[in-house]
Amino acid sequence: MKITVNGAEHELASPPLTSLLNALRDELNVTGPKVGCQGGNCGTCTVLVDGEPRRSCLLPLAMVDGAEVTTIEGLGTPKRMHPMQAAFHFYYGSQCGFCAPGMITASVALLERNPNPTRKQIQNALGGHICRCTGYVKIIDAVEAVARGESFDGAELTRSRGGEATPKGASA
Amino acid sequence: MSHTPVVLTPASADQAVSAFGDGSGVTVIGGGTIVMPEIAGRRASFSKALLLSGAGLAGITRQGGVVRIGAATTLQALIGATPDPLSTAAQRVGDYEIRGQATIGGNLCAGPGRETPRGDLQAPLIALAASVRTAGAGGEQVQPVEDFLESGPAGRLVLEVEFSEPTRGAYTSMGRPHTHVYTVLSVACAETPEGLRVAIGGAGPTGARAPSVERALADGASVEDAAARVLDDVEPQDDALASAWYRRKALPALVARALADIGKESG
Ligand SMILES: Cc1cc2nc3c(=O)[nH]c(=O)nc-3n(C[C@H](O)[C@H](O)[C@H](O)COP(=O)(O)OP(=O)(O)OC[C@H]3O[C@@H](n4cnc5c(N)ncnc54)[C@H](O)[C@@H]3O)c2cc1C
Ligand code: FES
Ligand code: FES
């Protein structure tokens with residue numbers, strides 16, 4: 001079985017009913033997707049499979065043979081974050097961070113299919129994602145900010161630590 | 001898993017049927033949203049898995065007023081593309097990611113959960129007077145969905161479901177917010193070519209038809225009186241979501257609401 005993960009193709013040795021989550025973490029050492037419930041209930045393992053958000057704990061490898069998988073690592077790097085990653089950072093949408101890999105990939109996919117979601121639509125889209133730190137309000141704020149077109153660059157994120165910077169869109 | 005099961009990945013419906021054979025020793029994986037947690041929790045052990053995702057069993061077609069839905073069609077694909085009560089019921093299952101992976105075949109074959117009922121599409125399919133085409137020992141078979149649910153999925157591979165387009169449909173459900181909103185009770189109604197049909201979810205191990213309610217309405221009973229008859233048709237159970245007492249209290253009101261939604265005047 002072959003999958004492409006964040007642009008790199010891999011031939012997998014794990015048995016075909018291994019979950020994509022376990023193969024990513026244990027065989028490929030891609031540990032962004034987190035092991036939460038392994039039952040589809042918590043959302044921490046969410047990745048994009050051919051662009052669609054999926055629970056990687058529920059997908060047997062044999063079902064994703066040939067697929068293109070994007071994990072939180074594939075969206076951006078600490079120096080060049082994806083706008084959604086930057087927004088989560090800026091709006092404190094991530095506390096312990098355990099839910100963030102799932103929340104962020106699902107949010108990116110939401111804006112792909114609906115660039116201007118209402119708050120209710122964001123809630124619905126993230127309905128299967130649990131934040132044990134209960135930071136839901138800030139998470140939804142972050143998604144709304146990206147939808148509004150706010151942008152965040154690395155320098156600003158550094159400055160925001162001092163509490164001075166305001167999101168670009170918000171100051172306009 | 002202590003051993004590695006054989007995994008069959010048929011590339012066509014015909015291959016799926018022959019790989020399934022009489023079904024002995026075969027675990028079918030539709031979307032896997034029920035099977036995979038069983039594997040992860042080491043509650044499942046089997047020697048052969050049959051994966052349907054590449055077998056071309058997904059898709060919705062319409063011809064001459066008949067809607068056909070392949071067993072591997074995802075719940076997300078049913079939303080807006082099929083009539084109510086099915087569309088709304090699909091919309092209320094799980095969340096976006098679950099609906100994108102879960103299949104109608106898996107929902108029809110879902111046994112009761114360990115603590116709760118599941119298979120929320122069963123009542124809508126009963127209300128729509130759907131029939132199920134399956135393969136297995138003795139070849140292909142088409143039967144009403146109620147009969148299929150009665151005999152259970154053992155030894156059968158679901159290929160597709162079909163029903164005549166209803167003139168109207170309604171779905172009312174009561175959920176209990178948990179990490180997901182699990183359905184405590186649901187009522188599905190459809191005005192089908194053979195008349196108004198009513199079915200209940202969440203009271204009993206599978207979806208069930210409510211013939212007493214249908215008969216009372218046909219005899220001219222008021223919506224409230226007809227709805228009250230639902231307790232002649234199902235025996236609500238206690239489970240992790242709600243008590244039987246609560247279900248008995250709530251169900252007639254939910255039936256009345258569904259009947260109002262489909263346009264039955266109360267009075
Ligand atoms: C977080 C979460 C929330 C959920 N919420 C709901 C909910 O609100 N309502 C609800 O009804 N369900 C819910 N479910 C359960 C489940 O996702 C759905 O019932 C789903 O439709 C099952 O379909 P599947 O294809 O994923 O099933 P699978 O796991 O593939 O299969 C389920 C069963 O059916 C058999 N099977 C599958 N396809 C076939 C076939 N074509 N022929 C014969 N046998 C077959 C399998 O062998 C297995 O026994 C939820 C699950 C999760 C993880
Ligand atoms: S680990 Fe996959 S949903 Fe919880
Ligand atoms: S930030 Fe801790 S779980 Fe969401």
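Lettering follows sequence order; numbering is per chain, from 1.
Residues of residues 94-103 of chain A lying within less than 4.5 angstrom of chain B, judged on heavy atoms, are absent. Near-neighbour residues of residues 106-118 of chain A relative to chain B, defined by a heavy atom under 4.5 Å from a heavy atom of that chain, comprise A106(A), R113(A). Proximity to chain B at a heavy-atom threshold of 4.5 Å picks out E52(A), P53(A), R54(A), R55(A), C57(A), L58(A), L59(A), P60(A), A62(A), M63(A) from residues 52-74 of chain A, in numerical order.
Within 6.0 Å of the OH atom in Y136(A), the count of heavy atoms belonging to other residues, nucleotides or ligands exceeds 12. Within a 6.0 Å sphere centred on CZ of R257(B), heavy atoms belonging to other residues, nucleotides or ligands number 12 at most. Around the CZ atom of R80(A), the shell of radius 6.0 Å holds no more than 12 heavy atoms that belong to other residues, nucleotides or ligands.
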Exercise answer: donor-acceptor pairs, residues 12-19 of chain B side-chain atoms, under 3.5 Å, sequence neighbours excluded:
residue, atom, partner, partner atom, Å
S12(B), OG, Q15(B), N, 3.1
Q15(B), OE1, A11(B), N, 2.8
S18(B), OG, D14(B), O, 3.3
S18(B), OG, Q15(B), O, 3.3

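To the nearest 0.5 Å, atom OG1 of residue T18(A) and atom CE of residue M36(B) are 8.0 Å apart. Rounding to the nearest 0.5 Å gives a distance of 9.5 Å between CG of L48(A) and CD of E97(B). Distance CG/L51(B) to CG/L17(A): 7.0 Å, rounded to 0.5 Å.
Contact tally against chain B (heavy-atom pairs below 4.5 Å) for G43(A), A125(A), G40(A), C42(A): the top residue is G40(A).
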